[in-house]
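Notes follow the structure.
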Amino acid sequence: MCVLSSNDDCIVALTPEAKALGIHRGEPIFKVRDIVKQHNVVIFSTNMYLYAAMSKRVTNILRNSVNYVENYSIDESFCCLDGYEKYYDLGDFMRKIAEKIRLYKDIPVSIGVAPTKTLAKMGSKFAKNYKGYSSVCLIDNEEKRRKALSLFDLGDVWGIGRNTLAKLNSLGVDNPLQLADKSESWVKHYFTAPMYHTWLELNGKPCIDTAEMLQNKSVTTSRSFGEMITTIDLLKASVATFASSCANKLRAQHSVAGKVTVYLLSNRFRNDLDQYSNAATKPLLVKTSDSIEITQAALDALTDIFKPGIYYKKAGVILTDVTDASGIDLDLFDPIKNRQERYNLMTTIDSLNHRFGIKTVQLAVEDTQGDSWLPKSEHRSGNYLTDMDEILTIKI
DNA sequence: TCTGGGGTCCTAGGACCC
DNA sequence: TCTGGGGTCCTAGGACCC
């Protein structure tokens with residue numbers, strides 16, 4: 001089985017069976033059509049609504065079990081177990097949580113327990129790959145730490161990507177233990193801050209703080225178009241849709257933005273067409289999460305950079321200068337006289353959309369004008385957990 | 001025919017200030 | 001002949017993550 005990216009373009013996740021057929025993560029699906037057909041590979045479009053809903057349910061189980069939980073991503077969380085060792089066997093404790101998630105959600109879980117996040121992630125990978133751990137791998141003493149470091153794949157260490165791996169290899173470092181055993185001055189001489197932090201973590205000294213990451217500093221919505229588009233009207237429809245989506249995300253996390261950026265991209269894989277890309281940023285006089293203001297600013301930016309005669313493949317809206325909604329600086333010359341009214345309007349729209357489904361109420365300019373530019377999604381699984389019309393039906 | 005989306009951090013270099 | 005020292009802010013690009 002393979003799961004595709006937006007627009008049904010690239011393979012972003014696949015089962016071991018699919019890997020065994022020679023399919024690779026990141027590959028565009030059209031390049032492996034033959035394999036897919038020949039071996040009846042099951043294909044799914046991506047469905048972030050479904051995954052987010054499932055993620056939330058799993059996270060809720062964690063939160064009910066552990067006092068302090070950080071949601072790192074849609075499928076990873078960090079639990080702080082400081083002090084728990086006085087009352088529990090940490091292996092048993094976490095194994096019960098894994099069993100609970102399997103029982104209620106039928107999702108396999110792997111857990112690493114260690115003094116730092118980098119080591120904990122290593123542990124979870126061991127737990128994932130070796131059934132003998134029964135879902136939980138502890139790296140809780142010096143002997144286990146050194147053994148784990150010596151066995152682990154250097155390129156799989158959190159924070160070591162393709163380029164850093166190549167550099168480490170060229171310096172004669174081939175496994176995480178060799179890296180951890182290097183001196184502080186060696187690490188600082190050849191690398192910069194992020195690598196230094198990884199080195200500290202590998203040596204059991206916690207220094208990566210993911211809590212800071214919980215407040216997003218920017219918010220983006222962007223899409224590749226199902227078909228390339230050329231007209232300003234279709235670009236307006238798409239950019240307005242993206243801008244409005246950004247504003248929704250902003251309100252959902254109770255923050256406001258100070259700048260709106262719009263960017264346009266032609267199709268970089270088409271050498272036969274003129275290439276063009278550009279971006280424009282508009283400041284917002286008063287930081288806001290108001291869909292109308294943000295969409296207007298985005299459309300102004302779009303007008304600045306639109307160039308006729310180009311086949312556009314992708315557009316996006318980025319909101320920056322994002323801060324908490326409390327404590328907004330007002331402006332004497334603010335053209336919007338009653339911000340409270342506008343805020344109430346947005347709150348009302350949000351609650352209508354929450355109750356009756358997304359896009360029950362939207363800006364007129366968000367009208368998609370047909371679906372030519374909408375990303376393709378031909379193998380989407382149902383929104384089983386969030387939409388009554390798509391709830392799973394079972395034949396008895 | 002056809003190549004994803006949403007983030008963060010760090011650094012170097014330019015522009016500008018006194 | 002020959003062009004300081006000490007700062008800040010911003011941005012683009014690189015690297016990394018899921």
Side-chain angles (χ1 to χ4, degrees), chain A residues 2-14 23-34 36 43-49 51-52 55 70-78 117-118 121 124-125 155-168 188 191-198 201 207-228 242 245-246 249-250 252-253 255 258-259 261 263 265-273 277-281 283 311 313-322 374-378 380:
Chain A
C2 295
V3 179
L4 305 181
S5 65
S6 164
N7 210 25
D8 289 347
D9 284 328
C10 290
I11 294 157
V12 290
L14 65 170
I23 302 174
H24 299 104
R25 184 176 187 274
E27 220 170 3
I29 184 80
F30 73 83
K31 287 190 175 174
V32 294
R33 283 278 182 228
D34 290 345
V36 167
I43 300 292
F44 281 102
S45 301
T46 199
N47 183 348
M48 294 314 288
Y49 284 112
Y51 309 154
S55 172
E70 278 172 17
N71 257 157
Y72 175 59
S73 72
I74 198 162
D75 69 345
E76 272 181 290
S77 294
F78 290 109
K117 292 183 170 120
T118 305
K121 277 172 70 78
S124 78
K125 193 121 185 176
D156 287 343
V157 172
W158 194 30
I160 297 180
R162 190 193 295 247
N163 292 286
T164 309
L165 177 65
K167 187 171 174 184
L168 282 166
K188 285 185 169 173
F191 294 93
T192 52
M195 186 69 210
Y196 176 58
H197 293 146
T198 298
E201 290 245 328
C207 65
I208 294 178
D209 185 1
T210 44
E212 289 175 356
M213 297 161 54
L214 298 181
Q215 164 84 49
N216 287 340
K217 291 168 183 170
S218 72
V219 169
T220 303
T221 302
S222 68
R223 291 288 179 276
S224 292
F225 302 131
E227 288 171 19
M228 291 189 283
F242 303 155
S245 153
C246 282
K249 292 178 191 173
L250 219 47
Q253 62 175 45
S255 47
K259 286 181 187 167
T261 299
Y263 68 89
L265 257 46
S266 56
N267 190 340
R268 67 194 166 101
F269 294 100
R270 289 290 294 268
N271 301 324
D272 54 323
L273 299 175
S277 68
N278 207 348
T281 300
Y311 286 83
K313 180 61 181 171
K314 182 175 177 178
V317 173
I318 308 171
L319 305 182
T320 49
D321 268 10
V322 172
L374 294 175
K376 288 191 270 283
S377 184
E378 289 170 3
R380 186 175 65 79

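Residue numbers start from 1 in every chain, and the chains themselves are labelled A, B, ... in the order their sequence lines are given, proteins ahead of strands. For the numbers below, each heavy atom of this structure counts, side chains included, while hydrogens, waters and symmetry mates do not. Everything numeric in this text was worked out from a predicted model, so none of it was measured.
- Heavy atoms of A/K376 sit nowhere under 4.0 angstrom from any nucleic acid atom.
- Nucleotide B/dC18 forms a pair with C/dG5, judged by Watson-Crick or G-U wobble geometry with both contacts under 3.5 Å.
- Checking the phosphate oxygens (OP1, OP2) of B/dG6, a side-chain nitrogen or oxygen of A/R223 falls inside 4.0 Å.
- Residue A/R270 places at least one side-chain N or O under 4.0 Å from the OP1 or OP2 atom of B/dC2.
- Judged by closest nucleotide on DNA chain B, A/S224 is the one of A/S224 and A/A193 placed further toward the 5' end.
- Stacking of the aromatic ring of A/F30 onto the base of B/dT3 is not found under the criterion of centres within 5.5 Å and planes under 30°.
- Contacts of A/T221 with the nucleic acid, taken as non-hydrogen atoms under 4.0 Å apart, involve only primed sugar atoms and P, OP1 or OP2.
- Taking atom NZ on A/K314 and atom C1' on B/dC2, their separation rounds to 16 Å, with Å as the unit.
- What separates CG of A/L4 from P of B/dG4 is a distance of 12 Å, to the nearest Å.
- Across all strands, A/N163 comes closer than 4.0 Å only to sugar-phosphate atoms, never to a base (heavy-atom distances).
- Candidate nucleotides B/dC2, C/dC18, B/dT8 were compared by shortest atom distance to the side chain of A/D75, and C/dC18 ranks first.
- Salt bridge A/E70/A/K117: present, at least one basic N to carboxylate O contact under 4.0 Å.
- Side-chain atoms of A/V12 lie closest to B/dG4 of the nucleotides B/dG4, B/dT3, B/dT11.
- Side-chain contact between A/Y51 and A/V3: present, with at least one pair of heavy atoms (C-beta onward) separated by less than 4.5 Å.
- Between the CE atom of A/M195 and the P atom of B/dC9 there is a distance of 19 Å, given to the nearest Å.
- Using a 4.0 Å cut-off, some side-chain N or O of A/N267 falls inside it from OP1 or OP2 of B/dT3.
- Contact check, A/S6 against B/dG5: a side-chain N or O comes under 4.0 Å of OP1 or OP2.
- Here the P atom of nucleotide B/dT3 and the CG atom of A/N271 are 13 Å apart, to the nearest Å.
- In this structure, A/T220 reaches the B/dG7 phosphate: one of its side-chain N or O atoms is under 4.0 Å from OP1 or OP2.
- A heavy-atom distance below 4.5 Å is found between the side chains of A/N7 and A/K313.
- When heavy atoms are screened at a 4.0 angstrom cut-off, A/I160 is found touching the sugar-phosphate backbone but no base atom.
- The line from CG of A/L168 to CE of A/M195 is 5.0 Å long, rounded to the nearest 0.5 Å.
- Within the 4.0 angstrom heavy-atom criterion, no nucleotide atom of any strand lies near A/R25.
- Considering only side-chain atoms of A/N216, the nucleotide from B/dT3, C/dC17, B/dG7 that sits closest is B/dG7.
- Rounded to an integer number of Å, the gap from OH of A/Y51 to P of B/dG5 is 15 Å.
- Taking atom OH of A/Y196 as the reference point, atom C1' of B/dT11 lies 19 Å away to the nearest angstrom.
- Looking at heavy-atom distances under 4.0 Å, A/R33 makes no contact with the nucleic acid at all.
- Mapping A/P194 and A/R268 onto DNA chain B via the closest heavy atom, the residue that lands nearer the 5' end is A/R268.
- Between B/dT3 and A/S5, no contact under 4.0 Å exists linking OP1 or OP2 to a side-chain N or O.
- One atom, CE of A/M48, and another, C1' of B/dG4, lie 11 Å apart when rounded to the nearest Å.
- For the residue pair A/N47 / A/S45, no side-chain donor-acceptor distance below 3.5 Å is found, with atom types taken as modelled.
- Residue contacts shown for A/E27 are absent, as no nucleic acid heavy atom lies under 4.0 Å away.
- Within 6.0 Å of OH on A/Y311 lie no more than 12 heavy atoms contributed by other residues, nucleotides or ligands.
- You'll find that the side chain of A/H197 is closest to B/dC10, out of B/dG5, B/dC10, B/dT8.
- When heavy atoms are screened at a 4.0 angstrom cut-off, A/D8 is found touching no nucleic acid atom at all.
- Put simply, NZ on A/K249 is 11 Å from P on B/dG5, counting in whole angstrom units.
- Within the 4.0 angstrom heavy-atom criterion, no nucleotide atom of any strand lies near A/V322.
- Side-chain proximity of A/K259 to B/dT3, C/dT11, B/dG7: nearest is C/dT11.
- Residue-level contact check: A/K121 touches the backbone only, with heavy atoms under 4.0 Å from sugar-phosphate atoms and none from bases.
- In this structure, A/Y72 and A/W158 have perpendicular ring planes: the angle between them is above 60°, well past the 30° mark.
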